[in-house]
Amino acid sequence: MMVVSSTLLTPAFFNRDPRKVARGLLGKLLVRKTRQGTLAGRIVETEAYLGTGDEAAHSFAGKTARNSVLFGPPGFAYVYFIYGTHYCLNVSCLPDGVAGGVLFRALEPVTGIEKMAEARGIEVRGTEDLNNRSLRQLTSGPGRLCEAFGITRERDNDKIFTSARSDLQLARDGFRVGQVVAGPRIRIKKSVEQPYRYVIRGNPFVSGPKLLQDGNRGA
DNA sequence: GAGGAGATCGTCT
DNA sequence: GACGATCTCCTCT
């Protein structure tokens with residue numbers, strides 16, 4: 001078992017500017033409890049979406065039935081369906097009534113790798129090799145990590161992350177993150193210039209074009 | 001290895 | 001009726 005001990009994050013952790021939450025979430029654990037066992041992944045890539053003044057955010061045009069979780073209290077799951085095939089997972093930030101959230105873009109698998117591989121329909125060999133191609137395909141991308149963790153809007157939207165009774169949790173285990181790199185958000189068309197995407201530098205599980213994976217932007 | 005386009009449906013206009 | 005905070009497969013080099 002690789003996770004020795006961990007502590008749940010508190011609502012106060014999420015009751016802040018999404019940019020701070022996005023950065024703070026790097027190195028933390030996303031935990032899914034199932035009857036078959038526990039799944040856990042270390043967060044290596046996030047994106048911040050501000051509630052107002054951020055054209056790219058789902059909450060920009062105001063509250064709707066779809067995005068209402070973003071306007072609710074901090075520390076709750078906002079799950080949406082996109083492109084007819086994929087789910088994406090966010091956590092709400094800022095106090096009740098103020099919109100804001102952080103998108104989980106990529107995880108490094110920690111516990112339950114076999115279960116994740118099964119959910120993704122991928123055969124993984126050599127789980128010790130972090131550069132293993134099939135291992136990276138498990139959770140390196142918003143849609144991929146949702147599939148690996150069995151996250152859907154029907155099951156998980158509006159679920160609390162900060163309760164010990166929840167089957168979806170966010171926790172810290174003392175892991176120390178190395179260098180954090182902030183860059184432009186990817187695969188969106190609005191406000192792309194804002195550097196609200198955060199990654200752990202050099203982590204092989206970061207998603208997106210290869211040039212961006214180590215945060216190397218030509219400097 | 002890189003680049004492009006299709007898949008597929010909920011949500012909002 | 002149009003589009004999207006994506007993924008995968010296919011083609012070309």
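Every chain is numbered from 1, with letters handed out A, B, ... down the list of sequences. No hydrogens, no waters, no symmetry mates; every other heavy atom, side chains included, goes into these values.
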* **Interface limits on DNA chain C, where chain A has a heavy atom under 4.0 Å of a nucleotide atom** => C/dG4 to C/dT8
* Should the pair A/R16 and A/F13 be classed as cation-pi, given the thresholds of under 6.0 Å to the six-membered ring centre and 45° from the axis? -> yes
* Base, sugar-phosphate, or nothing: which does A/R153 touch, judged by heavy atoms less than 4.0 Å apart? -> sugar-phosphate
* To do: Name the orientation class of the two ring planes belonging to A/H58 and A/Y78 (parallel below 30°, tilted from 30 to 60°, perpendicular beyond 60°).
  => perpendicular
* Intra- and inter-strand pairs of DNA chain C in dot-bracket (Watson-Crick or G-U wobble, both distances under 3.5 Å; | for another strand) -> ||||.|||||||.
* To do: Indicate yes or no: does A/D156 engage A/R32 in a salt bridge with an N to O separation below 4.0 Å.
  => yes
* Answer yes when A/D17 and A/R23 have at least one side-chain N-carboxylate O distance shorter than 4.0 Å, and no when they do not. => no
* So, A/N67 side chain and A/T64 main chain: donor-acceptor pair closer than 3.5 Å or not? -> yes
* Asked: Only one of A/L89, A/L138, A/L107 clears side-chain contact (heavy atoms from CB on, under 4.5 Å) with A/F149; which?
  -> A/L107
* Asked: Quick one: does A/N15's side chain have a donor or acceptor within less than 3.5 Å of a partner on A/P11's backbone?
  -> no
* Provide, to the nearest angstrom, the distance between the CZ atom belonging to A/R66 and the P atom belonging to B/dC12. => 6 Å
* To do: Identify whether the distance between the nearest side-chain nitrogen and carboxylate oxygen of A/E47 and A/R105 falls below 4.0 Å.
  => yes
Show each protein N/O and nucleotides 6-8 of chain B N/O combination with a separation under 3.5 Å, one pair to a line.
from	atom 1	to	atom 2	distance (Å)
B/dT8	O2	A/Y83	O	2.3

* Does a side-chain N-to-carboxylate-O contact under 4.0 Å join A/K190 and A/E55? -> no
* To do: Check the side chains of A/Y87 and A/E154 for a donor-acceptor pair under 3.5 angstrom, ignoring hydrogens and angles.
  => yes
